[in-house]
Amino acid sequence: MSPQITPIADTAQDLELSERILTPDGQRVANPQLDPYVADVDAAQLRALHRDMMVLRRIDAEGVALQRQGQLGLWAPCQGQEATQIGTARALAPQDYVFPSYRETGVIYARGAEPGDYVRMWRGEEGAGHDPEALRVAPLQIIIGAQTLHAVGYALGIRHDGADEVAVTYFGDGATSQGDVNEAMIFAASYQAPVVFVCQNNHWAISEPVAVQSQYPIAGRAPGFGIPSVRVDGNDVLACMAAMRWALDHARSGTGPAYIEAVTYRMGPHTTADDPTRYRDAEELESWRRRDPIARLEAHLRALGELSEEHLAETQAAADDIARRMRAECLGMVTRPPLAVFDGVYAEPHSGLERQRDEYAAYLASFESEA
Amino acid sequence: MSPQITPIADTAQDLELSERILTPDGQRVANPQLDPYVADVDAAQLRALHRDMMVLRRIDAEGVALQRQGQLGLWAPCQGQEATQIGTARALAPQDYVFPSYRETGVIYARGAEPGDYVRMWRGEEGAGHDPEALRVAPLQIIIGAQTLHAVGYALGIRHDGADEVAVTYFGDGATSQGDVNEAMIFAASYQAPVVFVCQNNHWAISEPVAVQSQYPIAGRAPGFGIPSVRVDGNDVLACMAAMRWALDHARSGTGPAYIEAVTYRMGPHTTADDPTRYRDAEELESWRRRDPIARLEAHLRALGELSEEHLAETQAAADDIARRMRAECLGMVTRPPLAVFDGVYAEPHSGLERQRDEYAAYLASFESEA
Amino acid sequence: MVEMTLGKALSAGLRQALRDDDKVVLLGEDIGRLGGVFRITDGLLDEFGAQRVIDTPLAESGIVGMAVGLAFRGYRPVVEIQFDGFVYPAFDQIVAQVAKLHYRTQGRVKMPITIRIPWAGGIGAAEHHSESPEAYFVHTAGLRVIAVSNPEDAYRSLRQAIASDDPVIFFEPKRLYHHKGEVDLDAPLADAAPMGLARVVRAGSDATLITYGAMLATALQAAEAAEDEGISLEVIDLRSLSPVDYDSVAASVRKTGRVVVAHEASREAGVAAEVIASVTERCFEYLESAPLRITGHDVPYPPAKLEKYHLPDLDRILDAVDRVLDRPNSLTGADA
Amino acid sequence: MVEMTLGKALSAGLRQALRDDDKVVLLGEDIGRLGGVFRITDGLLDEFGAQRVIDTPLAESGIVGMAVGLAFRGYRPVVEIQFDGFVYPAFDQIVAQVAKLHYRTQGRVKMPITIRIPWAGGIGAAEHHSESPEAYFVHTAGLRVIAVSNPEDAYRSLRQAIASDDPVIFFEPKRLYHHKGEVDLDAPLADAAPMGLARVVRAGSDATLITYGAMLATALQAAEAAEDEGISLEVIDLRSLSPVDYDSVAASVRKTGRVVVAHEASREAGVAAEVIASVTERCFEYLESAPLRITGHDVPYPPAKLEKYHLPDLDRILDAVDRVLDRPNSLTGADA
Ligand SMILES: Cc1ncc(C[n+]2csc(CCOP(=O)(O)OP(=O)(O)O)c2C)c(N)n1
Ligand SMILES: Cc1ncc(C[n+]2csc(CCOP(=O)(O)OP(=O)(O)O)c2C)c(N)n1
Ligand SMILES: [Mg+2]
Ligand SMILES: [Mg+2]
């Protein structure tokens with residue numbers, strides 16, 4: 001019979017059970033398993049990671065602001081999850097392909113998104129905010145967990161092509177309950193597909209604490225399916241990068257999928273439509289504020305004597321610049337004309353839809369003729 | 001990072017990795033974990049288990065025969081799985097409720113099925129072959145894995161009622177790939193529901209060997225979800241009974257679900273419509289014939305000096321008797337009248353369907369008036 | 001009679017159902033502490049406890065499958081699907097289990113499950129949050145389908161759905177959650193008209209305008225606008241989509257001889273097709289022109305900025321009215 | 001021209017597609033060594049290898065979800081769903097992903113996925129093995145829906161479906177897998193009539209009988225029987241259910257003025273409702289009687305012994321023909 005397993009209930013203990021390289025106050029601790037994967041990361045690279053996280057936080061804040069000002073229908077903030085997103089995404093090779101959920105602003109940023117890409121979907125202009133082929137990132141996915149299977153299929157294609165690529169999928173702690181996410185692990189293991197699963201356990205699925213989905217470490221599920229996994233401190237950007245490099249190496253080596261659970265925290269509301277004060281304690285939030293991923297890296301850089309005023313100023317300027325361009329792009333967006341509602345349903349002509357389009361065109365034209 | 005896991009590929013090794021009490025040649029070996037659960041099983045009880053398995057094999061053979069003779073549309077044989085089904089089902093308390101798949105002839109037998117119950121559905125007379133409330137067994141389920149969620153819901157009800165009952169669900173190795181079966185584990189763990197999962201790993205899902213679903217022991221998945229599990233030799237009726245008693249005790253104690261993987265073998269075709277020679281080796285079949293669950297218990301009883309000719313004769317008579325009654329019931333079944341096609345769609349009147357029924361009745365009547 | 005929003009009426013209906021029958025349990029994502037993303041279950045966790053107002057793991061098939069098991073045990077589960085577009089993962093459990101178990105067991109196992117679905121568009125939402133999947137369920141034998149359009153109906157028919165021994169898919173127009181109306185909270189359920197009847201919301205004589213859900217408001221506006229032009233429209237709120245109350249519908253069509261059916265859902269094999277086919281079958285000799293459909297286009301629900309070109313509005317309905325009345329319209333041009 | 005069964009024609013179509021384009025891959029349960037439970041993929045594993053003829057774990061959502069990922073990578077996946085009743089677990093992936101990704105990305109991501117579904121009843125099967133779910137997919141914008149009725153169409157339209165850049169739900173009538181017909185295996189696909197056109201299978205003048213799939217054979221028998229009574233029926237095989245070729249259908253209806261639509265699927269919001277609503281809209285002034293539907297009842301597919309009372313048969317179709325022709329029928333009685 002299997003050994004007795006102890007549930008982990010409180011989020012504090014939660015984090016203790018995960019791998020880390022930097023402590024919350026920015027001290028570097030030895031981690032024999034992860035250290036080799038970030039042995040090359042020097043101060044300049046650390047500063048680049050810091051810059052990424054700063055810029056991302058600014059993009060995220062701008063998204064919230066634009067929504068509050070009525071420019072976006074919705075925004076899903078990623079504040080608090082910068083280390084997870086930047087750490088893992090910066091480990092990707094250009095040819096890798098990402099299947100995200102809807103909160104991965106940091107991932108599309110790291111893949112080279114244009115300023116308008118962050119808002120185009122949330123503003124309701126288009127179904128996909130960015131060009132998937134250009135970024136090698138699938139459109140944001142709203143159906144919880146659906147994208148994980150797409151990643152596995154893509155990875156099967158990689159394998160068949162004999163390509164040196166990895167498919168990567170991001171999803172939340174809530175998503176781990178969906179059948180699709182479990183089937184994705186099963187199919188990936190069955191085909192030894194080169195896919196990396198990244199679960200961002202941010203402790204909440206809207207109002208439900210992670211314990212509703214699992215009272216046990218989520219990373220512990222993967223090995224049962226034959227998938228090696230690691231549970232990493234998701235607010236430690238170095239640990240996230242190291243874990244991701246391990247996982248990508250594993251997948252690239254042809255030995256099948258790997259799984260990462262990044263233990264982090266959603267500092268903001270679920271989306272701008274949500275009011276988290278209805279369901280979570282100020283105290284919990286406060287305790288996570290003390291584990292802020294950016295502050296942690298800053299403390300580390302400061303201790304190394306590598307956090308110059310210059311860097312901070314440059315970072316601030318870059319962040320402001322992208323926020324400005326994001327806003328300008330957003331406000332400048334021109335909604336497609338009415339008949340665009342019919343565009344792209346099919347790749348080839350569909351007589352039924354064409355007739356509807358024609359009738360609707362005639363209908364629209366009838367107003368013009370009246371005028 | 002999680003430990004490296006070694007896949008198990010061949011079915012021989014497979015079995016070695018499971019818990020047993022009786023070796024394939026019928027010797028009793030000590031099993032400190034399982035033994036306490038069958039300490040009370042004396043020779044008379046062993047003979048009763050033997051009788052059950054013999055009768056079940058006969059019922060199963062009669063089902064095949066009736067199908068071959070055109071009396072049934074289909075039959076799903078359970079030959080080879082008698083120990084799993086009888087061992088686990090005989091561990092149930094009367095108040096427990098079972099959610100089976102379609103191959104659990106032995107389970108409905110053990111729950112007290114009437115002879116006609118085995119064939120009513122397969123003959124195409126009714127949607128459910130037996131009265132669920134009478135047997136405390138849900139109708140056979142054809143949609144792979146769907147019933148596992150029903151068991152969890154039922155178990156949640158048990159828990160809310162504070163009742164001393166357990167919900168039990170049976171499913172195959174193939175079923176473990178379905179989202180539903182994984183969601184069932186997640187919901188069961190989340191609610192600590194008193195439910196026992198019984199996976200009959202009979203090595204095949206139609207033509208697909210279990211390795212398509214999993215190259216790792218299936219029982220190994222449950223602990224990741226927080227569910228203790230055991231992997232048991234499914235051709236060892238004592239081990240199956242012991243494992244089931246452990247699992248039921250666990251569920252009854254209020255500490256949540258338990259999971260059993262019974263490693264067994266489907267000796268016959270998937271169903272009477274299947275031709276297994278297209279996809280599996282005679283040799284593999286032969287090797288499993290040497291592990292026959294009934295022969296194993298017979299060898300054990302014989303070694304104990306407890307297998308009398310009298311017992312064998314009585315068993316044979318009982319088996320023949322039930323087969324005869326099963327056949328008689330089957331041949332005597334009267335198909336419901338045409339308008340029965342409308343019966344039981346709704347519990348309350350539905351004007352649309354009533355109109356259809358009336359029109360169809362008028363249509364049928366028009367033939368009579370013509371005549 | 002009290003005035004309340006449709007959302008509050010639904011809350012009141014759930015509260016009353018929970019009070020009336022301790023076998024009623026609610027299941028869904030975020031329905032507990034949060035009270036649901038639309039706050040329909042607000043306060044119910046506090047009043048009835050976590051055993052009856054159950055936050056579930058994030059898996060719709062799991063939720064509905066569990067409801068089936070609870071029904072096996074004599075419970076009357078009420079499921080909340082968070083948004084219309086999230087019902088599809090539960091489709092198999094709904095279509096192959098919920099809809100069929102009563103038939104499969106010849107009535108031995110009842111499925112008194114209510115599946116509440118915040119529904120349809122017009123709220124500027126992101127993808128998958130504005131779907132109108134009702135036709136899938138109308139086409140599925142074994143289910144009943146209700147679509148509400150006002151607080152009074154919402155309160156009464158939700159309680160009726162929960163009290164029904166049949167499974168009911170219960171559509172709640174999100175766009176109307178904050179719309180107000182009078183509700184008699186104390187009217188005994190036993191005295192209420194049975195679930196399943198349509199309602200003539202506005203009497204008229206020139207054409208029959210058939211709709212349901214949030215589109216009813218648009219239909220009524222259209223009827224007012226038409227009146228200004230001297231056209232008298234009879235407006236019918238179907239309220240029940242399975243069964244459809246064809247007696248009421250046919251009575252109206254026999255009177256007017258002209259029919260427009262409007263809904264947000266896409267057109268091919270939608271509810272309007274069903275209504276028109278049935279009405280034509282029953283009232284052919286009364287029809288003076290071809291019944292018309294005004295629906296969402298046969299496109300996936302578009303991005304928010306385009307939804308106003310997708311949803312039937314006042315003008316599209318009036319144009320269809322002109323067509324069934326053989327008046328000048330968008331297809332004939334102004335000189336017809 | 002060679003004579004072969006519909007099943008063999010489908011096999012040949014798959015083989016040809018696999019040869020024509022190495023991006024074509026097949027996915028499904030038991031399609032490899034076994035060749036599928038209906039043997040449609042028989043021999044393909046040997047010819048094309050396990051990389052292209054892929055046995056999958058037992059999970060339909062997984063299969064279709066994986067096909068989506070393969071499509072993202074430029075593959076053209078052909079999925080086999082083992083039986084009609086097992087498509088529902090994949091419903092979410094089909095409706096929310098396969099059908100929508102092209103629209104979501106404004107055409108940047110193509111979904112050239114073919115989902116083959118052995119389909120419908122009349123074979124005495126167990127529950128869930130005789131379903132007719134086509135209306136669900138017809139109602140889903142973004143999908144194409146094909147239903148074949150003979151070997152020639154099967155061979156050609158399966159290849160067209162696979163070659164199409166759009167997702168196609170491809171219905172194969174199980175009941176006809178062993179029916180034979182002539183197939184021209186060498187006819188170039190480029191010369192073929194486009195997928196999506198209906199076919200007048202039998203010309204006639206008194207009424208139009210519209211159907212598809214296995215029901216076509218029954219319709220043709222009905223037409224022969226009717227002829228004996230001096231009634232001339234035009235029989236149309238829709239072949240494509242989305243889009244429906246309404247030009248062909250309307251041309252026939254304008255000629256006959258009377259319409260019967262037959263299918264196995266249940267009635268409410270089914271394909272026949274769609275056809276009748278559209279035909280009425282287009283041909284109202286030509287109609288001489290109410291178009292009628294002959295369909296499976298609105299019941300879950302019944303146990304095998306009762307299926308003959310569920311499926312439309314010759315007599316039920318003829319009775320409907322009598323009704324549209326205002327001849328004595330089951331509703332009027334013999335003396336009408
Ligand atoms: C199939 C489906 N069901 C429900 C929802 C509604 N929903 C959107 S986000 C969310 C919570 C997701 O939580 P998690 O997976 O932890 O991701 P997070 O939002 O925390 O990043 C829910 C329930 C959905 N989008 N899709
Ligand atoms: C949802 C669904 N998909 C496919 C099938 C077809 N099917 C019937 S049995 C079976 C194999 C099941 O294998 P397993 O779970 O191992 O059970 P066993 O038959 O071996 O008892 C398949 C694919 C089905 N019944 N339901
Ligand atoms: Mg989360
Ligand atoms: Mg099996």
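The figures here come from the full heavy-atom set of this structure, side chains too, leaving out hydrogens, waters and symmetry mates. In what follows, every chain begins at residue 1, and chains take the letters A, B, ... in the order their sequences are listed. The structure displayed is predicted, hence computed values, not measured ones.
- Your options are D:Glu131, D:Arg282, D:Glu60, and the one with the most heavy-atom pairs under 4.5 Å with chain C is D:Glu131.
- Between D:Ser164 and D:Met195 the shortest heavy-atom distance is CB-CE, 4.3 Å.
- Interatomic distance, CD1 of C:Ile210 versus CG of C:Asp237, reported as 11.0 Å (0.5 Å rounding).
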task: Could you go through the side chain to side chain contact (heavy atoms under 4.5 Å, CB included) check for D:Met66 and D:Val79 one step at a time?
output: CA-CA 10 Å; D:Met66 211 171 57; D:Val79 167; over 6 Å; no

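- If you measure heavy-atom distances from C:Glu288 to chain D, the contacts under 4.5 Å come from the backbone alone.
- Your options are C:Ala99, C:Gly142, C:Pro300, and the one with the most heavy-atom pairs under 4.5 Å with chain D is C:Pro300.
- In this structure, the portion of C:Arg323 lying under 4.5 Å from any heavy atom of chain D is its side chain and not its backbone.
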message: Applying side chain to side chain contact (heavy atoms under 4.5 Å, CB included) to C:Met111 and C:Lys100, what does each step give before you reach the verdict?
response: CA-CA 9 Å; C:Met111 286 288 126; C:Lys100 288 184 171 161; over 6 Å; no

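- Interface summary for chain D: among C:Gly85, C:Ala96, C:Ala141, the most heavy-atom pairs under 4.5 angstrom belong to C:Ala141.
- Between C:Lys110 and C:His102, some side-chain heavy-atom pair lies under the 4.5 Å cut-off.
- Of the two parts of C:Glu127, only the side chain, counted from C-beta on, holds a non-hydrogen atom closer than 4.5 Å to a non-hydrogen atom of chain D.
- To the nearest 0.5 angstrom, D:Asp166 atom CG is 9.5 Å from D:Leu143 atom CG.
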message: Test side chain to side chain contact (heavy atoms under 4.5 Å, CB included) on D:Lys255 and D:Thr208; report intermediate values, then the result.
response: CA-CA 9 Å; D:Lys255 188 171 71 178; D:Thr208 303; over 6 Å; no

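- Contact check on C:Lys174 versus C:Glu264 returns no salt bridge, with no Lys/Arg side-chain nitrogen under 4.0 Å from an Asp/Glu carboxylate oxygen.
- Side chains of C:Val259 and C:Val324 form no contact here, defined as non-hydrogen atoms less than 4.5 Å apart.
- Identified by a heavy-atom distance below 4.5 Å to chain C, the contributing residues of residues 86-93 of chain D are D:Tyr88, D:Pro89, D:Phe91, D:Asp92, in residue-number order.
- Using modelled atom types, one side-chain atom of C:His297 and one backbone atom of C:Tyr309 make a donor-acceptor pair closer than 3.5 Å.
- Residues C:Gln97 and C:Val64 have side chains not in contact (no heavy-atom distance under 4.5 Å, counting atoms from C-beta outward).
- Chain D is approached within less than 4.5 Å, heavy atom to heavy atom, by C:Ser289, C:Ala290, C:Pro291, C:Leu292, C:Arg293 from residues 289-296 of chain C, ordered by number.
- Residue C:Trp119 forms a ring-ring contact (aromatic ring centres under 6.0 Å, His included) with just one option from C:Phe170, C:Phe171, C:Phe137, and that option is C:Phe171.
- Within the model, atoms CD1 of D:Ile94 and OG1 of D:Thr140 stand 8.5 Å from one another, a figure rounded to the nearest 0.5 Å.
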- request: Begin with the C-alpha distance, continue with both residues' side-chain angles, and end with the deciding distance and a verdict on side chain to side chain contact (heavy atoms under 4.5 Å, CB included) for C:Leu209 and C:Thr211.
  value: CA-CA 7 Å; C:Leu209 180 49; C:Thr211 190; 5.5 Å; no

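- From D:Leu287, atom CG reaches atom OG1 of D:Thr256 across 8.5 Å, with rounding to the nearest 0.5 Å.
- The aromatic ring centroids of C:His310 and C:Tyr301 lie less than 6.0 Å from each other.
- Contact of C:Val95 with chain D is made through the side chain alone, with heavy-atom distances under 4.5 Å.
- For the pairing with D:Asp322, the salt bridge (charged side-chain N to carboxylate O under 4.0 Å, His left out) check across D:Arg327, D:Arg258, D:Arg316 returns one residue only, D:Arg327.
- In this structure, the side chain of C:Thr280 engages the main chain of C:Ile276 through a donor-acceptor pair within 3.5 Å.
- Proximity to chain D (any heavy atom under 4.5 Å) is shown, for C:Tyr136, by both the backbone and the side chain.
- Summarising the geometry, atom CG belonging to C:Asp165 is positioned 11.5 Å from atom CD1 belonging to C:Ile113; distances are rounded to the nearest 0.5 Å.
- Interface remark: C:Pro133 contributes no atoms to any contact with chain D (heavy atom separation under 4.5 Å).
- For the atom pair OG1 (C:Thr332) and CG (C:Asp326), the distance works out to 9.5 Å, reported to the nearest 0.5 Å.
- At a 4.5 Å heavy-atom cutoff, the contact between C:Ala135 and chain D is made by backbone and side-chain atoms alike.
- Side-chain contact check for C:Arg104 versus C:Val109: every heavy-atom pair is 4.5 Å or farther apart.
- Looking only at distances, no side-chain donor or acceptor of D:Asp84 sits under 3.5 Å from a matching main-chain atom of D:Ser132.
- In this structure, chain C has no heavy atom under 4.5 Å from any part of D:Ser61.
- Taking 4.5 Å as the heavy-atom cut-off, the residues of residues 265-275 of chain C that approach chain D are C:Ala265, C:Ser266, C:Arg267, C:Glu268, C:Ala269, C:Gly270, C:Ala273, C:Glu274, ordered by number.
- The interface of residues 239-253 of chain C with chain D, defined by heavy-atom distances below 4.5 Å, comprises C:Leu241, C:Ser242.
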